Every structure is written in structure tokens, then in C-alpha cells.
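All chains are named by letter (A, B, ...) in the order of the sequence lines, taking the proteins before the strands, and each is independently numbered beginning at 1. Heavy-atom basis, side chains included; hydrogens, waters and symmetry copies ignored. In this text the structure is predicted, and so the values were computed from the model without any measurement.
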2 protein chains.
Amino acid sequence: MRVRLEDVARAASVSPKTVSRVLNDEANVSDETRKRVRAAMEAMDYRPHPSARSLAGSRSFLVAMLYDNNDNPASTYLAEIQDGVLEACDAHRYSMMVRPLRMRSDDFIRRLDTLISDHHPDGVVLTPPITDYAPLLKRLRERNVPYASVSPMQRGNAIGVSMDEQQAARAIVEHLLALGHRRIAHVIGIADHGASRWRLAGYREAMAAAGLPEDPALVVQGAFTFGSGVAAARQLFALEQRPTAVFAANDDMATGVMWAAGEYGLKVPHDLSVCGFDDTPLARQLWPALTTIQQPSREMGKIAAQQLLNLLRGRGLGQLVEIPFSLQIRNSTARVP
Amino acid sequence: MRVRLEDVARAASVSPKTVSRVLNDEANVSDETRKRVRAAMEAMDYRPHPSARSLAGSRSFLVAMLYDNNDNPASTYLAEIQDGVLEACDAHRYSMMVRPLRMRSDDFIRRLDTLISDHHPDGVVLTPPITDYAPLLKRLRERNVPYASVSPMQRGNAIGVSMDEQQAARAIVEHLLALGHRRIAHVIGIADHGASRWRLAGYREAMAAAGLPEDPALVVQGAFTFGSGVAAARQLFALEQRPTAVFAANDDMATGVMWAAGEYGLKVPHDLSVCGFDDTPLARQLWPALTTIQQPSREMGKIAAQQLLNLLRGRGLGQLVEIPFSLQIRNSTARVP
DNA sequence: ATGAAAGCGCTAACAT
DNA sequence: ATGTTAGCGCTTTCAT
């Protein structure tokens with residue numbers, strides 16, 4: 001049969017409430033008693049019943065991870081974040097559920113309400129691009145559901161994790177500049193995503209700092225997909241004055257650019273330097289391997305969840321942790337021809 | 001405040017137990033009463049408290065989706081299955097949790113036990129390649145946790161969903177044969193995965209049926225990744241007698257083959273036909289677009305979960321549903337040069 | 001076909 | 001620092 005809290009109490013010769021105190025790391029238990037109770041729990045392999053706990057305590061020990069299912073970024077990115085969130089939740093014995101939501105859909109808020117009413121998550125983790133969807137944030141606040149974000153655009157009082165993507169983008173463009181490139185193109189991601197804006201801003205900043213006026217023909221719209229990278233590259237290669245380097249806003253598009261280069265008979269990096277952003281597994285598998293910015297998605301998911309859990313467990317307020325990027329220089333970039 | 005079952009009972013002038021009966025679709029409620037109770041629930045926007053329900057009823061209304069985190073197939077595949085499982089769970093007001101497990105890890109079973117003891121899922125959905133991991137299945141049976149599988153290898157009394165991958169592989173190779181190809185290579189997936197075996201078997205079957213003896217040099221090992229496709233293709237292109245067509249066991253590897261073809265100056269499909277398996281989004285974005293087998297992962301996840309839920313809800317026993325494949329002929333395959 | 005009473009396993013609020 | 005009592009919102013069991 002199932003071992004209950006009451007059984008542990010009996011074994012440790014204390015009251016159920018004391019066991020409960022130990023279970024929840026509460027105060028007012030002597031070290032000696034605490035030790036004895038812990039030993040009894042261990043010996044009996046006691047597992048608290050989550051439903052009983054949440055029914056009596058009105059906390060669910062549940063974290064929901066929300067993501068956009070409409071034009072979500074690469075599924076590998078989300079999968080990694082999910083793994084990180086899960087790891088953090090596991091460590092604190094919280095459970096996690098995932099909820100796809102359609103940002104442009106009319107019943108977005110209704111679905112959110114359903115989620116909250118049906119499952120009572122103690123908190124939620126928001127992933128791009130819904131980290132800054134105003135109606136969502138408003139509703140979460142109204143319903144008193146704490147949240148943490150991965151790469152939020154508004155950094156005001158947000159908690160979670162972020163990376164200085166603009167700085168990173170600037171660094172990678174400066175790498176190209178240092179190689180002698182001047183005609184450097186940029187392939188933008190989905191327009192209103194924070195990631196797209198920061199990366200574009202970093203590109204512009206680096207170009208401006210190098211005294212290069214922006215050539216609108218060199219900045220083309222993509223959509224974070226391989227296919228959009230191919231299309232963007234074709235557009236660039238059709239130019240009279242082709243770029244000598246392309247900075248795509250993510251690795252998938254960079255891969256598309258390399259693909260298109262093949263079509264046009266351009267050798268990377270000899271005829272064309274290409275770089276991306278994210279450091280997906282693909283980046284290392286390509287030949288030549290892709291110069292890119294390492295974005296540790298899994299780690300970011302984990303940190304965001306940890307901040308949320310700190311808040312939920314009354315361990316401080318939760319912060320917006322800034323994590324460092326690192327420029328991965330590989331073989332897809334070389335000196336200008 | 002929260003609307004409780006008791007409140008609904010009062011509003012409908014019945015006892016709490018009757019509302020409970022209606023909530024759980026139980027018998028012994030007159031149609032008229034049932035209607036009245038349903039109306040009251042609707043009017044009051046009643047949401048049963050999941051914890052109270054599971055505490056009293058000893059069912060969790062929870063389905064866990066298990067996947068391998070060691071050498072999992074493409075994350076997009078799992079993400080799609082996950083979405084399908086989630087959709088089915090939502091429809092029946094079950095919640096879903098995801099659990100990565102490391103198949104080759106020693107504490108696999110311990111982690112499974114922890115999952116079951118901590119969360120008491122009413123059932124689990126198994127995804128490749130852990131659908132046939134004997135210690136797992138054994139433990140699930142011992143602990144009386146029902147399960148359904150996506151593409152299990154042992155079809156004995158499994159429930160879930162499957163596709164005739166061998167037949168599909170045979171069909172795609174027959175397509176190549178019909179185009180006049182004779183030197184057809186195959187890039188195998190991760191060795192012990194069912195998917196790899198079936199696709200290889202289908203390849204062999206088609207070749208044999210065409211009276212072509214197997215050339216071992218034309219069958220090379222891959223690992224389902226883009227990079228492994230590139231490596232396999234380089235091996236094939238180094239052969240004195242190059243193949244005129246390559247059937248890769250999935251789209252990622254097929255993409256790798258096309259990439260390597262570019263390196264070798266081979267034009268697809270003019271110099272080389274390439275086809276894959278899965279019909280990932282990538283397949284349509286490539287140029288030329290990839291001939292492949294459509295495998296509706298999302299739908300498969302949904303069906304597997306539905307079969308499990310049928311079982312859990314006492315609606316029959318759950319079956320192994322066979323879903324049809326469809327050959328997507330695109331531009332990466334053409335007549336033999 | 002419907003209801004009354006008891007209790008699932010925990011924690012809140014109040015003792016001591 | 002520890003214990004007692006009541007009750008979270010449902011379902012079970014057993015009655016009628």
C-alpha cells in the first residue's frame with residue numbers, strides 16, 4: 001500500500017503536522033526532529049500525494065510552459081527550452097505542462113483562462129514570441145499568475161533570462177568587418193520578434209560604427225526558416241553588386257543561404273562568407289561549419305524556470321538573469337575575396 | 001470564489017452525488033436530471049477541481065508522454081507527436097506531461113518508477129525508439145500502467161498507431177525503379193530503430209522484386225541526422241560506380257545527401273535522384289523539393305493518445321490503428337541520366 | 001434513479 | 001518547537 005504522511009509521522013513518533021513542516025521546509029522544527037523525520041521518509045520511500053497536497057494547500061506544484069503555435073521559431077529551439085524548464089521543475093519536484101497557444105487567434109485569452117481554471121498552475125514560463133504579448137501579460141497579472149520569460153523584449157520588471165542579442169549580432173558583424181568585408185548583407189527574421197529586431201539593430205550598429213552607410217538592397221526579409229533563407233539569398237545574389245558576406249538572423253536561414261550559394265556556384269567561404277545565430281546542432285554538421293552565436297537555449301529555459309521557482313518558493317523575488325553569448329568562429333567565414 | 005460541485009448541486013436541486021454522476025458520464029441519472037445539471041454547470045461555468053477529483057477517485061486524469069533523450073530522432077518529429085497527444089488529451093480534459101528518459105541509462109527504470117510514484121499517470125504514450133524497450137514495458141505492466149505506442153515494432157497486442165513503413169519504403173524505391181534507376185543506394189537510420197529496419201527491409205524487397213542483387217557498397221549506415229547524410233553521401237560518391245539514385249531513411253539525411261551532391265558538382269535530379277522519408281517541412285522548402293513519404297506525425301500522436309484514452313475511459317479496449325502513407329513525388333527524383 | 005455519510009491525504013488555523 | 005482540529009472538493013459505499 002501507499003505510504004502516507006501519517007505513516008511517516010507514526011514511524012518518527014511525531015505528529016502529522018511536523019512531518020508536513022519537514023516536507024515543506026518550514027521553520028519551527030528542531031534539527032534533531034527534522035533529521036529523524038527525513039530518515040523515516042527515506043526509509044519508507046515516502047512520496048507525498050500531489051493531489052492531496054494541492055487540494056489542502058491550494059498550490060498545484062505545477063508550472064506551465066506557454067509557447068506560440070502559430071509562427072513558432074524552430075522546433076528544436078523550443079524543444080531545448082522545454083528540456084531546460086523540465087530539468088529545473090524536476091529539481092524542485094514541481095511538475096510541468098506544456099501549452100501551445102495561437103497568438104493571433106481570437107480565443108487566445110479564453111484558452112489561457114481555461115488553462116488557469118482547469119489546472120491552476122502556480123506559475124508559467126513564457127517563450128518567444130509570446131513573452132511580450134500584452135493581452136497575455138495583462139490577464140496573467142489579473143489572475144495573479146506569476147510568470148518568467150525567456151528573452152523578453154520589455155526588460156522592465158520582467159523576471160527570467162535574457163542574452164544581449166544586439167551585442168552578439170554586433171560582434172558577429174564586427175568579425176566580418178575584421179575580415180575585410182564591406183558589402184555585408186543581413187537576412188532578417190520574422191518581423192516583430194524581439195530576436196529579429198535585436199539582431200538587425202546589432203547589424204546596423206556595427207555597420208554604422210564602421211562608417212558604412214546602410215544599403216537597403218542588402219537587408220532582406222526572411223522568416224527564420226531554411227526556405228526563407230534560400231529565397232533571401234537568391235534575391236541577394238541577383239544584385240549587380242553582390243554582397244561578399246551574409247549575416248542571417250538564425251542558423252536555419254544561414255543554411256538556406258549556403259544552399260543557395262551552391263546553386264549559384266559560389267564557394268563558401270572562398271567566394272562568400274556566411275554566418276548565422278543560435279548555434280543549432282546543424283551548424284557544426286554543415287560543411288563548412290557555420291560561424292554563429294552560441295545561444296544556450298536549454299540553459300536559458302532552465303534559468304527562466306529557476307527564477308520562477310525562486311519566486312514561487314518564496315526564495316527571493318526572481319531576477320532577469322543576463323547570460324553571456326559566445327561567438328563561434330568556424331569555417332563559413334573568411335577574408336574577403 | 002470558486003464554483004464547487006456542491007454549488008452546482010444546489011442550483012440544480014439535486015444531491016452532490018448526482019452532479020458527480022453527470023460529470024463522469026455515469027449511469028442512473030434520468031435524461032431530464034442530466035440535462036438540468038448540465039445546464040447548471042454551463043451557467044455557472046463550473047470547473048471540477050482536478051486535485052479533488054483525483055484524490056477522491058484515485059485517478060489522475062494525467063497522461064505522460066515518454067520519449068528518449070539519448071539518441072532521439074529529429075526534434076521536429078517529437079514536437080509534432082507531442083502536439084497531437086496534447087490535442088487528444090485536451091479533448092477529453094486529461095492533462096499531459098512530457099518525460100524525457102535516457103534509454104541507455106542505468107537509472108531508466110528508477111526514473112520511470114519515480115514518475116509513476118510521484119505523478120500517478122493514468123496511462124502513458126510511448127514514442128520511438130522506446131516503444132519496444134523491454135524493461136520499460138515490463139515495468140509498466142508490473143505497475144499496471146496502461147500504455148499506447150507510436151510505431152511500435154512488436155505489433156502483437158500493442159495499442160496505438162502504426163504505418164506500414166516497409167510498404168512505404170518499397171513504394172518509394174519502386175518509384176525510382178520506374179524511372180529507370182538500377183544503381184539505387186540506401187542510407188540507413190540509427191541501427192536498432194524500427195524505422196531503420198522497416199525502411200531497409202522495404203528497400204531490399206523492392207530491389208529483390210526487380211531482380212537486382214544487393215550491392216553492399218550501396219547500403220551505408222547513417223544516423224538520421226543531416227550530417228550523417230552528408231557523410232554517407234560522400235562515401236557513395238567516392239565509389240567507382242556511383243549510384244544514380246539515393247533513398248535516405250529520412251528527410252534530414254536526404255538533405256545531407258543533396259548537400260553533398262552540391263559539393264561533388266552533381267545536379268539533383270539531373271545527375272542524381274534523391275528521396276527521403278517523413279515529409280518534414282524542410283522537404284517542401286528545398287530546391288528541388290524532396291520526393292518523400294508523408295508520415296503524419298501529429299496525427300499519429302493524436303491517434304495513439306486517443307486509443308489510450310479509449311482504454312482509460314472504458315470505451316473499448318484500444319486498438320493498433322494502421323494509418324495509410326502517401327508517396328509525395330516532387331522534383332528531386334527524375335529519369336536515370 | 002437518487003441521496004447521506006464517510007473519507008481520500010494532506011495543510012491551515014489555531015492551540016499548547 | 002510541536003500537536004489538535006477541521007476541512008480542501010470531490011468520489012466512494014451503501015442506503016432508499
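- Nearest heavy atom pair, residue A:G160 against residue A:A148, reads CA-CB, 4.2 Å.
- Taking 4.0 Å as the cut-off between side-chain N and carboxylate O, A:R155 and A:D164 do not count as a salt-bridged pair.
- Salt bridge annotation for A:K138-A:E142: present, with a cationic side-chain nitrogen under 4.0 angstrom from a carboxylate oxygen.
- Of the candidate nucleotides D:dT11, D:dG3, C:dT11, D:dG3 has the atom nearest to the side chain of A:S15.
- An OP1 or OP2 oxygen of D:dG9 is reached within less than 4.0 angstrom by no side-chain nitrogen or oxygen of B:Y46.
- OP1 or OP2 of D:dT2 sits under 4.0 Å from a side-chain N or O of A:S30.
- Candidate nucleotides D:dT2, C:dT11, C:dG3 were compared by shortest atom distance to the side chain of A:T18, and D:dT2 ranks first.
- Nearest-nucleotide positions on DNA chain C place B:S13 closer to the 5' end than the other of A:S58 and B:S13.
- At the heavy-atom level, B:R2 lies under 4.0 Å from the strands shown only through sugar-phosphate atoms.
- Side-chain N/O atoms of A:S54 include none lying less than 4.0 angstrom from OP1 or OP2 on D:dC8.
- Minimum atom distance to the side chain of A:R21 is reached by D:dG3, of the listed D:dG9, D:dT11, D:dG3.
- Classification of A:D7 and A:R4 as a salt-bridged pair holds, one side-chain N sitting under 4.0 Å from a carboxylate O.
- Atom-to-atom, CZ of A:R34 to C1' of D:dT2 comes out at 12 Å; the value is rounded to the nearest Å.
- For B:L5, the side-chain atoms get nearest to D:dC10 when compared with the rest of D:dC10, C:dT11, C:dG3.
- In the set D:dT11, D:dT4, D:dT12, D:dT12 carries the atom at the smallest distance from any side-chain atom of B:K17.
- The separation between A:M41 atom CE and C:dG9 atom C1' is 13 Å, rounded to whole Å.
- Among the atoms of the strands shown, only primed sugar atoms or phosphate atoms (P, OP1, OP2) are found under 4.0 Å from some heavy atom of A:P48.
- To the nearest angstrom, C1' of C:dC10 lies 12 Å from CD of A:E26.
- When the P atom of C:dG3 is taken as reference, atom CZ of B:R10 falls 14 Å away, rounded to whole Å.
- Where B:A52 and B:P16 meet DNA chain C, the nucleotide closest to each residue was compared, and B:P16 sits on the side nearer the 5' end.
- Of the charged side-chain nitrogens involved, at least one lies within less than 4.0 Å of a carboxylate oxygen, so that B:D90 and A:R99 count as a salt-bridged pair.
- Rounded to a whole Å, the CZ atom of A:R47 is 17 Å from the C1' atom of C:dC10.
- Checking D:dT11, D:dG9, C:dT2 against the side-chain heavy atoms of B:T33 singles out C:dT2 as nearest.
- Looking at the side chain of B:N24, the nearest of the listed nucleotides D:dC10, D:dT11, D:dT12 is D:dT11.
- Here the nucleotide nearest the side chain of A:R4, chosen from C:dT2, C:dC10, C:dT11, is C:dC10.
- Atom NE2 in A:H49 sits about 12 Å away from atom P in C:dT11, given to the nearest Å.
- A sub-4.0 Å separation between OP1 or OP2 of D:dT11 and a side-chain N or O of B:S20 is present.
- To the nearest angstrom, P of D:dG9 lies 12 Å from CG of B:L55.
- Between the C1' atom of D:dC10 and the CG atom of B:D7 lies a distance of 12 Å, rounded to the nearest Å.
- Note that CD of A:Q319 and CG of A:L317 are 9.0 Å apart. Values are rounded to the nearest 0.5 Å.
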